[in-house]
There are 2 protein chains.
Amino acid sequence: MTSDKGSQNSADSQRRQERLRHSGLRNTRPRRHVLQVLAVAEQPLSSREIHSRMGAEACDLVTVYRCLADFERVGLVQRHEFGDSNARFELNDQTGHHRHYVVCRVCHGKEPMDVCPPHWLEEELRARGYSDISHSMEFFAVCPHCRDDSHPGAPQRQ
Amino acid sequence: MTSDKGSQNSADSQRRQERLRHSGLRNTRPRRHVLQVLAVAEQPLSSREIHSRMGAEACDLVTVYRCLADFERVGLVQRHEFGDSNARFELNDQTGHHRHYVVCRVCHGKEPMDVCPPHWLEEELRARGYSDISHSMEFFAVCPHCRDDSHPGAPQRQ
DNA sequence: ATGTATGCAAAGAGTTTGCAAATGG
DNA sequence: CCATTTGCAAACTCTTTGCATACAT
């Protein structure tokens with residue numbers, strides 16, 4: 001029953017702490033905990049969602065906000081804006097790879113797209129003198145499941 | 001001294017009121033005023049920015065929010081999320097054309113990109129059974145001006 | 001006339017800030 | 001040791017809601 005989608009064994013934990021140290025951030029319990037929650041998340045999570053998943057041992061919600069701000073600054077996480085004024089975050093992998101999602105307008109499920117076309121546009125921007133370039137891109141649609149069910153039951157994923 | 005960037009002559013005003021009526025929305029003074037501000041805006045504006053630009057004759061800020069919600073619902077405006085948790089809006093043209101921007105990390109200036117590569121991705125999503133598809137895409141970077149000035153003066157555009 | 005839209009007040013929600021105490025390297 | 005980080009409380013900002021009044025058609 002334990003999720004094996006993400007990485008939550010000791011070796012992965014070591015690797016995350018390695019990335020923390022390498023980023024110049026101190027290796028604290030709240031930060032390890034936030035990283036661990038993100039590591040096993042099946043989709044981007046908001047600060048509150050992360051805090052909830054930390055359970056009884058949770059640090060203060062404010063600390064989650066501060067961790068995420070730091071993680072974003074050093075490139076450990078990517079921020080997503082899915083339009084519900086709720087910033088969501090996901091762990092970047094070591095290669096700097098990141099994802100874009102389709103968000104269902106009905107069930108709010110989030111499906112990764114696994115493509116990233118704007119990269120050549122970043123090249124063009126670089127040629128125009130821009131530096132330190134990144135981008136956001138999300139899709140919004142009614143997913144096949146919700147289109148068929150006119151009266152969808154419980155949302156697939158929130 | 002009057003800006004002629006946007007459309008604020010009487011003919012354009014007529015055309016905007018036409019679009020209002022055609023959308024099934026009542027032709028009220030606050031709505032005309034919000035549309036007029038958007039029509040002459042050189043970049044997407046937040047509710048508060050719109051309200052400020054309405055000057056002494058401004059309607060209530062709440063009404064601006066409601067206008068924008070209505071306008072978005074009927075497709076008159078496009079919403080942008082530039083990452084500062086401040087929704088910004090711009091007028092769509094009649095063809096449904098919309099824009100994507102580069103936002104400078106330093107001066108927060110917004111430059112339109114005039115390209116829209118995700119359209120073929122929407123096709124792919126359609127093929128996978130998704131419907132009612134739209135997307136968001138924004139770029140973030142340090143603009144040439146701010147890269148050169150290590151100590152930028154006043155932000156170019158906010 | 002009648003449903004729609006507005007203004008005002010107040011609430012809701014996410015996020016940020018100040019500061020003293022705790023902690024990591 | 002000392003700079004960084006945390007917790008707690010409170011503030012701040014954007015946005016939404018309730019309801020009586022005003023307005024468009």
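Any value given below was found using the heavy atoms of this structure, including those in side chains, with hydrogens, waters and symmetry copies removed. Chain A is the first sequence line, chain B the second, and so forth, proteins listed ahead of strands; every chain is numbered from 1.
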Q: Could you check which of D:dT6, C:dT6, D:dT5 has an atom nearest any side-chain atom of A:P30?
A: D:dT6
Q: Return the 5'-most residue of the pair B:S46, A:D70 with respect to DNA chain D, ranking by each residue's nearest nucleotide.
A: A:D70
Q | Under 4.0 angstrom between B:T28 side-chain N/O and D:dA24 OP1 or OP2 | A | no
**Q.** Atom pair distance, as rounded to whole Å: CG in A:N86 and P in C:dG12
**A.** 17 Å
Q) Given C:dA5, C:dG7, C:dG25, which nucleotide is nearest the side-chain atoms of B:C59? A) C:dG7
Q) In Å, rounded to the nearest 0.5 Å, how long is the span from CD1 of B:I133 to CD of B:E122? A) 5.5 Å
Q: Give B:R31 one of three labels, base, sugar-phosphate or nothing, depending on what nucleic acid heavy atoms sit under 4.0 Å from its own.
A: sugar-phosphate
Q: Name the residue closer to the 5' end of DNA chain D, choosing between A:A58 and B:N27 according to the nucleotide with the nearest heavy atom.
A: A:A58
Q.
Using a strict threshold of under 4.0 Å (side-chain N to carboxylate O), is an ion pair present between B:R53 and B:E42?
A. yes
**Q.** Contact under 4.0 Å: B:R48 side-chain N or O vs D:dC14 OP1/OP2
**A.** yes
**Q.** Given D:dT25, C:dT16, D:dT17, the nucleotide with the shortest approach to the side chain of A:Y65
**A.** C:dT16
Q: Would you mind reading off the distance between A:D84 atom CG and C:dG14 atom P, rounded to a whole angstrom?
A: 9 Å
Q.
Over all strands shown, is B:A87 touching base, sugar-phosphate only, or nothing at heavy-atom distances under 4.0 angstrom?
A. sugar-phosphate
Q | Residues B:E18 and B:R15 bridged, charged N to O under 4.0 Å | A | no
**Q.** B:H135 and B:H98 side chains, donor-acceptor separation under 3.5 Å
**A.** yes
(Q) How many whole angstroms separate atom CZ of A:R79 from atom P of C:dT15? (A) 8 Å
Q: Report the residue (A:R32 or A:S47) whose heavy-atom-nearest nucleotide on DNA chain C is the more 5′ of the two.
A: A:S47
Q.
Can you say whether a donor on the side chain of B:R66 sits under 3.5 Å from an acceptor on the base of C:dG7, or the other way round?
A. yes
Q.
Just the rounded figure in Å: distance from P of C:dA5 to CG of B:L68.
A. 14 Å
Q | B:E81 CD - C:dG14 P separation (whole Å) | A | 15 Å
Q: Write down the distance between CG (A:L20) and C1' (D:dT4), rounded to a whole number of angstrom.
A: 13 Å
**Q.** Spacing of A:H22 atom NE2 relative to C:dG25 atom P, expressed in whole Å
**A.** 16 Å
Q. Between A:S134 and B:R105, do the side chains contain an N or O donor and an N or O acceptor separated by less than 3.5 Å?
A. yes
Q: Give me the one residue out of B:E90, B:R88, B:E111 that meets side chain to side chain donor-acceptor pair (under 3.5 Å) with B:Y101.
A: B:E90
Q: Grab the NE2-P distance between A:H51 and C:dG14 for me, whole Å please.
A: 13 Å
Q: For B:S85 and for B:R29, find the nucleotide of DNA chain C with the closest heavy atom, then tell me which residue's nucleotide is more 5'.
A: B:R29
Q | Minimum-distance nucleotide to B:R26 side chain [options: C:dT17, D:dT17, D:dC23] | A | D:dC23
